[in-house]
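Below is one structure; the comments refer to it alone.
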Amino acid sequence: MRRVALLLAIAALAGCGSTPGKRPGGYYKDDGPPEKGVNVAAIPDAVPRVEPLHRYANRPYEAMGRKYVPLTRVGIYKQRGTASWYGKRFHGSPTSSGEKYDMYRMSAAHPILPIPSYARVTNLANGRSVVVRVNDRGPFHAGRAIDLSYAAAYRLGYIGHGSAQVEIEQIVPGGAPLALQ
C-alpha cells in the first residue's frame, strides 16, 4: 500500500512540472521568472548614496504577531541568514517606503535595516555578491533574514532554489553614519 501511494505521489509531482504554458520550477504561487526576456544579468548593482531616512518606515511595528524595532541610523551591521526572493507576483505593488516594487532593480526587504539604506549581499555557496537598496520590510517567515528582488536573486544564482544562505553587510555611503532626523 505504501509503495502504491509513493508511486502515485511521484506521478502527481511529475505532472506538476509539465503544465502547458507554465515554466518548470518550484516557484511560490507562480512567482517565477517574467514571461518576456529581460537580460537580468546586465542589471547593475544599486549605487549607494546619501539619502534621508524615511520618516515613517523606520518606526517600530508588528507583523505576524512579532514586534520589530528598525535601526534608526545607517552604520556597521552584519548578519548571516537565509535569503528568499520575490518577483512578478509583487511587481508594481507599493513597498514600505511608498515606492513601487520593481523586480528588475537591485532592491531588498529587511525587517530592521533602515529605509532607505544599502547592503552588500553575498551568496555563501558561490561567493557571488550584489549591492541592493533596502526599501521594504520583510521577510516575516521564521528563519529568513532578507527578501531580495528577482534581479538580485538571479545575479546571486539562487532563483531555482528559492533561497540561499547569505551574508548581509550594510554599506555606509561616504563612510559617515547617518541618523534618522
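What you see is a predicted model, and the numbers here were worked out from it, not measured in a lab.
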Seminar exercise, completed: Here the pair of heavy atoms bringing A57 nearest to P70 is O-CG, 4.4 Å
Exercise. With distance as the sole criterion, is a donor-acceptor pair present between the side chains of E99 and Y101 under 3.5 Å?
Worked result: no
Seminar exercise, completed: The salt bridge (Lys or Arg N to Asp or Glu O under 4.0 Å) partners of R80 (sequence neighbours excluded) come to E167
Exercise. Between the side chain of N123 and the main-chain N/O of R128, is any donor-acceptor distance below 3.5 Å?
Worked result: no
For this session: Go through the steps for V50 and V74 under the test side chain to side chain contact (heavy atoms under 4.5 Å, CB included), then give the verdict.
Result: CA-CA 10 Å; V50 176; V74 175; over 6 Å; no
Exercise. In Å and rounded to the nearest 0.5 Å, what is the OG1 to CZ distance from T95 to R133?
Worked result: 8.0 Å
Problem set entry | Flag, side chain of H54 to backbone of Y56, donor-acceptor distance under 3.5 Å | yes
For this session: Report yes if some heavy atom in the side chain of P111 is under 4.5 Å from a heavy atom in the side chain of P139; otherwise report no.
Result: yes
Exercise. Between P114 and Q170, is any pair of side-chain heavy atoms under 4.5 Å apart?
Worked result: yes
For this session: Kindly indicate whether the side chain of Y118, heavy atoms from C-beta on, has any atom under 4.5 Å from the side chain of V132.
Result: no
For this session: Anything under 30° is parallel, anything over 60° is perpendicular, the rest tilted; go ahead and classify F140 against Y61.
Result: perpendicular
Exercise. Does any N or O in the side chain of T82 come within less than 3.5 Å of the main-chain N or O of R144, such that one atom is a donor and the other an acceptor?
Worked result: no
Problem set entry | Contact check, side chains of Y77 and L71, non-hydrogen atoms, under 4.5 Å | yes
Exercise. So, K78 and E169, do they make that salt bridge, N to O below 4.0 Å?
Worked result: yes
Exercise. Does a side-chain heavy-atom distance below 4.5 Å link H91 with K100?
Worked result: no
For this session: Would you name the heavy atoms of A119 and I171 that are closest together and state the gap between them?
Result: C-CD1, 3.9 Å
Exercise. For W85 and A153, which heavy atoms make the closest approach, and how far apart are they?
Worked result: CB-CB, 3.5 Å
For this session: Using a 4.5 Å cut-off on heavy atoms from C-beta on, say whether the side chain of V166 contacts that of T122.
Result: no
Exercise. Of the non-hydrogen atoms in L113 and I168, which two are nearest, and what is the gap between them?
Worked result: CD1-CG2, 4.2 Å
For this session: Measure the CG-OG distance between D45 and S129 for me, rounded to the nearest 0.5 Å.
Result: 7.0 Å
Exercise. Heavy atoms, side chains only, cut-off 4.5 Å: are Y154 and I43 in contact?
Worked result: no
Exercise. Using a distance-only test with no angle check, is there a side-chain donor-acceptor pair under 3.5 angstrom linking R137 and N58?
Worked result: yes
Exercise. When rounded to the nearest 0.5 angstrom, what distance separates CD in E51 from OG in S97?
Worked result: 9.5 Å
Exercise. Say you draw a straight line from OG of S117 to CD1 of I112; how long is it, rounded to the nearest 0.5 Å?
Worked result: 10.0 Å
Exercise. Can you get from V131 to L148 by hopping between Ile, Leu, Val, Met, Phe, Trp and Tyr side chains that sit under 4.5 Å apart?
Worked result: no
Problem set entry | Short side-chain to backbone donor-acceptor contact, Y158 and S84, under 3.5 Å | yes
For this session: Answer with yes or no whether the side chains of Y86 and D136 bring together a donor and an acceptor at under 3.5 Å.
Result: yes
For this session: To the nearest 0.5 Å, tell me how far D102 CG sits from S149 OG.
Result: 8.0 Å
Problem set entry | Qualifying residues under salt bridge (Lys or Arg N to Asp or Glu O under 4.0 Å), relative to K67, sequence neighbours excluded | none
Exercise. Is the ring centre of Y68 less than 6.0 Å from the ring centre of H110?
Worked result: no
